[in-house]
Amino acid sequence: FFFFLVVAIIGVGLWNVVFAVGLASIPHFARIIRSAALQVKEQPYIEACVSLGYGNIRIMFNHILPNIFPIIIVIATLDLGGAIISIASLSFLGLGAQPPEPEWGAMLSSGREYMRYAPWTMIYPGLFLFLTVMSVNLLGDRLSVALDARQSVSKGKVWELKKIFMNDILKVSNLNTEFKSDYGSKQALKNITFNIKDGEVLALVGESGSGKTVTSLSIMGLLPNNAS
């Protein structure tokens, strides 16, 4: 219905139909991308970026966009196939491309009169329309697999992430922390050393007061002023 409303306002024609179909696809596209971005936004590494003081633009382009890019590709290609069908359908009804402008939907409409005597006038436009839509959808599936960040990281093929993951993502060496007070200094940590590589999980286990929280605060640089 929205297609017909827009065409009725701006008039018939191929580019008018393209504009109407594109305009109608914006809410669906934006809703899915927003949902995917909100899911990524809740991930722990985004919270870590915020705690490190990264700006919104940096987080959006360096951390959120690369993780939702495969979804954008899939949705864009699927919507492109649907858009091609919609444009061809409107042209078939006489609201899109007008003769002699070539368009598959318009060709199908013109070929109806000759279907009995020249069936190829409808077979070939319909066949190429079908093959084009199928090709776009298959291309989207292949791009989704190729651009999937998790699969690409495991294969070492995403941008420069493989260079980062070759090294330790966190390395602590001889960490010492002490707190100063009016009664002197009290050492809380002594010679703490450990490395964390990509995919590893390190648990700090100990009784209350053993230094688990102080270790985390020391690494993040969030110790009070009386600590060194």
Side-chain angles (χ1 to χ4, degrees), residues 26-76 140-228:
I26 291 177
H28 169 70
F29 190 86
R31 183 172 62 253
I32 295 177
I33 298 305
R34 179 179 182 272
S35 176
L38 290 177
Q39 291 180 0
V40 175
K41 181 183 176 182
E42 300 300 326
Q43 297 300 316
Y45 58 84
I46 299 297
E47 297 180 2
C49 292
V50 174
S51 67
L52 291 174
Y54 291 0
N56 293 333
I57 300 299
R58 181 177 180 181
I59 294 175
M60 181 171 62
F61 284 99
N62 290 353
H63 301 282
I64 295 181
L65 183 59
N67 285 283
I68 66 173
F69 193 64
I71 299 177
I72 296 176
I73 293 296
V74 172
I75 298 302
D141 292 339
R142 297 301 299 173
L143 287 176
S144 174
V145 173
L147 296 175
D148 190 310
R150 289 168 297 182
Q151 294 182 5
S152 298
V153 166
S154 64
K155 297 177 181 178
K157 293 183 180 179
V158 165
W159 299 295
E160 298 180 356
L161 290 180
K162 62 179 182 180
K163 299 179 181 179
I164 298 176
F165 291 156
M166 289 174 61
N167 302 319
D168 298 323
I169 59 176
L170 177 62
K171 185 176 182 179
V172 179
S173 179
N174 296 324
L175 175 63
N176 295 277
T177 301
E178 64 179 18
F179 293 89
K180 297 180 180 179
S181 65
D182 296 336
Y183 303 99
S185 299
K186 180 66 175 180
Q187 189 167 22
L189 302 176
K190 183 178 180 180
N191 296 332
I192 302 298
T193 301
F194 59 85
N195 299 341
I196 301 178
K197 296 184 179 296
D198 175 48
E200 292 183 339
V201 176
L202 176 66
L204 298 179
V205 182
E207 60 185 8
S208 178
S210 61
K212 302 185 297 296
T213 302
V214 175
T215 300
S216 301
L217 294 176
S218 299
I219 294 173
M220 293 185 293
L222 300 178
L223 291 171
N225 295 329
N226 65 331
S228 61

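Taking NZ from Lys212 and CG from Leu189, the interatomic distance works out to 11.5 Å, rounded to the nearest 0.5 Å. Between atom CZ of residue Arg58 and atom NE2 of residue His63 there is a gap of 6.0 Å, rounded to the nearest 0.5 Å.
Using a 4.5 Å heavy-atom cutoff, the side chains of Asn195 and Val172 are not in contact. Two residues are said to be in side-chain contact when any heavy atoms from C-beta on lie closer than 4.5 Å; Asn191 and Asn174 meet this criterion. Within the 4.5 Å cutoff, side-chain heavy atoms of Leu65 are placed close to those of Ile72.
Residue Asn56 qualifies as open at atom CG: its count of foreign heavy atoms under 6.0 Å is 12 or below. Atom NZ of Lys180 has 12 or fewer neighbouring heavy atoms from other residues, nucleotides or ligands inside a 6.0 Å radius.
Smallest separation of non-hydrogen atoms from Ser51 and Ala48: OG-O, 2.6 Å. Between Pro224 and Phe179 the shortest heavy-atom distance is CG-CE2, 3.9 Å. For Leu175 against Ser218, the heavy-atom pair with the smallest separation is CD2-CB, 4.0 Å. The two residues Ile219 and Phe194 make their nearest non-hydrogen contact at CD1-CZ, 3.6 Å. Between Ile33 and Ile68, the shortest heavy-atom contact is CG2-CD1, 4.1 Å.
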Report all side-chain donor-acceptor pairs from residues 34-46 shorter than 3.5 Å, counting only partners two or more places apart or in another chain.
{"from": "Gln43", "atom 1": "NE2", "to": "Gln39", "atom 2": "O", "distance (Å)": "3.4"}
{"from": "Tyr45", "atom 1": "OH", "to": "Asn67", "atom 2": "ND2", "distance (Å)": "3.4"}

